[in-house]
Enquirer: 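Just passing along the structure, written as C-alpha cells.
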Amino acid sequence: MPDKLLVIDEGTTSTRAMLFAASGACLGSKSADLTQHYPAPGMVEHDAAEIWERTFVCVKAMVKKAGGAKNVAAIGITNQRETVVFWDKTTGEPLAPAIVWQDRRTAAMCRKLKDAGHEPTVQARTGLLLDPYFSGSKIGWAMANWPQLKAAGDRLAVGTIDSWLVWKLTGGLHITDATNASRTALMAIGSGHWDDGLIDLFDAPRAALPEIVDCAGRYGETALFGAPLPICGMAGDQQAATIGQACLDPGDTKATFGTGAFVLTQYGTKQPTSKNRLLATIAWQLGGRRAYALEGSVFVAGSLVQWLRDSVKLIETAQETEALARSVDDNAGVYLVPALSGLGAPWWEADARGSISGLSFTATRAHIVRAALEAMAHQAHDLKTAFAADGADWAALRIDGGMVANDWIAQDLADLLDVRVERPAFTETTALGAAMLAGVGCGLFADLKAASAMRGTIETFKPAMDNKVRQARLDGWEKAVKSVVATAA
C-alpha cells in the first residue's frame, strides 16, 4: 500500500491541498485564495463553483507531486463548518451562492425562534444554541428566499462543504461526516441521525440532505486524477485540529486561531451539557461510536488582523504585528473588542459590533495593534471561565492555526490564561488531523492513537505575568466587552 496521504483543507479565505508522509512530514502544499462576497451588511457568501475549481487545481498539483494517484493511499477532507452549498443533482452545478458560516442574515429568525421558547429544545437535541452561525437557519432562509431551490424539487442537494467536495470528486456520492452534521442544528447528537423535529423547525428539505457517515472509512473513489483514489477521512476543521493535536483523552484541550478562534475540550463518550452557553459537539465518530467535545467559538481572530491590514490600513503585513506589539510596554488603556460579525461564545450576541475604547493622546498605532492581538487572549480567557464553570477547566492549552506563528501571541495566551501553552512545530494541525483520519480509514494506522505519532515535536510557553498586571488587563477587558454587549441588547 502507498504511504502518502493527500488532504484537502478548504478554509474560509483559501483552499489548499497538502501531501503528507505517514510519519507526519509535509511533502508539499498548493493553495489558492477564495473570494468572499458581501452582498449586504452581515451577509457573507462564497461561489461554490470557484471553491471546487480552485480545489481541483490544488489537488491535481499534489497528485503530481506524489508521482501520480497510484502513490497516494487516500484522500482526507477537512473544511470550514456550517457553510452551506445548494446544487443540482442532475447537473452538479450550484443553484445559489454558498452561505458562509460568518453570515448573520438569519439573526432575526433565530431571535424569533428563541423568543418563542425553542432554544432549550434545540440545545438539548443538538448541543447548539439558536444562532445564525449554524447551518439550519441558513438553509431555512435560502428555501424561503431563493425560489430556484424549491423549483429544483427532487434535483436539489444541500450540504456543507465536505458534501460538496465529495459530490464533485466522486460524481454523485452525497454524504457528510458526523462532525459536520453536528454543526447544522439538524442532527440529534445523541443518536447521530437527522432529527425530523429540527428539520421541520427550520423548514429544511429532508430529501436534499446527505447521508451521515463516520469520520474514517472507505466512502468512495475519485477517478479524476488518472487512477482510482479512495476518499477515507472527513471532519470539520475544528474537530480535525483536535485530532491533529492528539486531544484524544478527556480533558485534552486545543485552540485554533485561524479566521476565527475555536477551543475544544475532549469529553469522551459522554455527551456534555453546558450551562454557560458553550456548545456540545461531536469530536469524531468511528465505527458508529461517537466521542464528544465541549466547544467555545470566537467569530473573529485572524480576520481581525486581515481587517487591520486591508480595511483600515494600520499595517501592511500580518507579520509586522508582532514587532509593533513588542514596541510598547502595554496597551495604554486601549481595548479592541473584535465583534465585527457579532460576538460568539460565551456571549452569543449576533447584533454586537466591534469597538476600540480607551483612546487618548498617548495611544499610538502600536497600541491599537497590540490591543488587537491582546483580544485573542482576552476572548480565550472568557471561554476558559465558561469551561471551568461547566467543570472542564484547562490544565494546559494546545494551540495551532496561522496566528500562533506569532510568538508574542503564544506567550500572551500563557500569561493571561495562567496555563502552560503548547505549540507544535507543525502548526497546520487541521490538515494533519484529516491526514490521520484518512490514514485510519485506509488502514495505514490501526486507530487514532497510532496515527497521533504524526503530530511531531512541540514548543512550550509558560506563564510569566504578574498577577496584578493580569487582573488589570482582565478588568479593562470586562468593562470594554460589557459595553459592547449592552449596546447590542
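None of the values given here were measured: they were computed from a predicted structure.
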Enquirer: In this structure, which one of Arg125, Lys112, Arg277 forms a salt bridge (charged side-chain N to carboxylate O under 4.0 Å, His left out) with Glu119?
Expert: Arg277

Enquirer: If you define the side chain from C-beta out and look only at heavy atoms, does anything of Ser135 sit under 4.5 Å from Glu82?
Expert: yes

Enquirer: Going by atom types alone, do Glu53 and Thr55 pair a side-chain donor with an acceptor below 3.5 Å?
Expert: no

Enquirer: Does any donor atom in the side chain of Trp284 or Thr179 lie under 3.5 Å from an acceptor atom in the other side chain?
Expert: no

Enquirer: Return the CD1 to CH2 distance between Ile161 and Trp101, rounded to the nearest 0.5 Å.
Expert: 13.0 Å

Enquirer: When rounded to the nearest 0.5 angstrom, what is the spacing between SG in Cys232 and CD1 in Ile75?
Expert: 9.0 Å

Enquirer: Evaluate Val85 against Ser163 for side chain to side chain contact (heavy atoms under 4.5 Å, CB included), listing each step before the verdict.
Expert: CA-CA 9 Å; Val85 182; Ser163 297; over 6 Å; no

Enquirer: Do Thr106 and Ser137 have side-chain atoms, one donor and one acceptor, less than 3.5 Å apart?
Expert: yes

Enquirer: Report all side-chain donor-acceptor pairs from residues 3-10 shorter than 3.5 Å, counting only partners two or more places apart or in another chain.
Expert:
from  : atom 1 : to    : atom 2 : distance (Å)
Asp9  : OD2    : Arg16 : NE     : 3.4
Asp9  : OD2    : Arg16 : NH2    : 3.2
Glu10 : OE1    : Gln80 : NE2    : 3.3

Enquirer: Should Leu186 and Phe202 count as side-chain neighbours, where that means a heavy-atom distance under 4.5 Å?
Expert: yes

Enquirer: Looking at Asp162 and Asp177, would you say the former's side chain and the latter's main chain have a donor-acceptor pair under 3.5 Å?
Expert: yes

Enquirer: Are Lys275 and Asp390 ion-paired here, with the side-chain N under 4.0 Å from a carboxylate O?
Expert: no

Enquirer: Only counting residues at least two apart or in another chain, list the ones meeting salt bridge (Lys or Arg N to Asp or Glu O under 4.0 Å) with Glu422.
Expert: Arg398, Arg420, Arg455

Enquirer: May I ask you to test the Met143-Leu156 pair for a side-chain heavy-atom distance under 4.5 Å?
Expert: yes

Enquirer: Which pairs with one or both residues in residues 154-180 pass ring-ring contact (aromatic ring centres under 6.0 Å, His included), sequence neighbours excluded?
Expert: Trp87-Trp164, Trp87-Trp167, Trp87-His174, Trp167-His174

Enquirer: Taking Leu129's backbone N and O only, do any of them form a donor-acceptor pair with Tyr133's side chain (distance below 3.5 Å, no angle check)?
Expert: no

Enquirer: Is any NZ, NE, NH1 or NH2 atom of the basic residue among Asp351 and Arg111 found under 4.0 Å from an Asp or Glu carboxylate oxygen of the other?
Expert: yes

Enquirer: As a quick check of understanding, evaluate side chain to side chain contact (heavy atoms under 4.5 Å, CB included) for Glu295 and Arg183, giving each step before the final call.
Expert: CA-CA 11 Å; Glu295 175 173 344; Arg183 310 298 296 187; 2.9 Å; yes

Enquirer: Salt bridge or not between Asp447 and Lys449? Use side-chain N to carboxylate O under 4.0 Å.
Expert: no

Enquirer: Which distance, rounded to the nearest 0.5 Å, do you find between the CD1 of Ile139 and the CD1 of Ile99?
Expert: 8.5 Å

Enquirer: Under the rule for salt bridge (Lys or Arg N to Asp or Glu O under 4.0 Å), what residues qualify as partners of Asp237, not counting sequence neighbours?
Expert: Arg81

Enquirer: Using the rule given for side chain to side chain contact (heavy atoms under 4.5 Å, CB included), can you reason through Asp196 versus Arg206, listing the C-alpha separation, both sets of side-chain angles and the distance that settles it, and then say yes or no?
Expert: CA-CA 8 Å; Asp196 289 335; Arg206 175 67 178 85; 4.0 Å; yes

Enquirer: Report yes or no: do Gln266 and Lys254 form a side-chain donor-acceptor pair below 3.5 Å?
Expert: no

Enquirer: Evaluate the ring planes of Phe299 and Trp348, with Trp represented by its six-membered ring, and classify them as parallel (under 30°), tilted (30 to 60°) or perpendicular (over 60°).
Expert: perpendicular

Enquirer: Does the side chain of Thr259 come under 3.5 Å of the side chain of Ser303 through a donor N or O and an acceptor N or O?
Expert: no

Enquirer: Have a look at Asp400 and tell me which of Thr256, Thr430, Thr242, Thr427 forms a side-chain hydrogen bond (donor to acceptor under 3.5 Å, both in side chains) with it.
Expert: Thr256

Enquirer: Decide side chain to side chain contact (heavy atoms under 4.5 Å, CB included) for Glu211 and Thr176; before the verdict, give the C-alpha distance in whole Å, the side-chain angles of both, and the deciding distance to 0.1 Å.
Expert: CA-CA 6 Å; Glu211 176 190 357; Thr176 185; over 6 Å; no

Enquirer: To the nearest 0.5 Å, what is the distance between CD on Glu45 and OG1 on Thr35?
Expert: 12.5 Å

Enquirer: Is the backbone of Trp141 close enough, under 3.5 Å, to the side chain of Asn145 for a donor and an acceptor to pair up by distance?
Expert: yes

Enquirer: Say whether, by atom type as modelled, one donor and one acceptor occur between the side chain of Asp382 and the main chain of Gln379 under 3.5 angstrom.
Expert: no

Enquirer: Output the distance between atom OG1 (Thr78) and atom CG (Leu432), rounded to the nearest 0.5 Å.
Expert: 11.0 Å

Enquirer: Calculate, to the nearest 0.5 Å, the distance between atoms CE and CD1 belonging to Met403 and Ile409 respectively.
Expert: 3.5 Å

Enquirer: Ignoring hydrogens and geometry, is there a side-chain-to-backbone donor-acceptor pair from Arg218 to Cys442 under 3.5 Å?
Expert: no

Enquirer: How would you list, by chain and number, every residue that makes a salt bridge (Lys or Arg N to Asp or Glu O under 4.0 Å) with Lys168, sequence neighbours excluded?
Expert: Glu93

Enquirer: Report yes or no: does Gln245 contribute a side-chain atom to a donor-acceptor pair with the main-chain N or O of Ala241 at less than 3.5 Å?
Expert: no

Enquirer: Who are the salt bridge (Lys or Arg N to Asp or Glu O under 4.0 Å) partners of Arg54, not counting sequence neighbours?
Expert: Glu50

Enquirer: Under 6.0 Å between ring centres: does that hold for Phe426 and Phe20?
Expert: yes

Enquirer: Check this for me: Asp200, atom CG, are more than 12 non-hydrogen atoms of other residues, nucleotides or ligands nearer than 6.0 Å?
Expert: yes

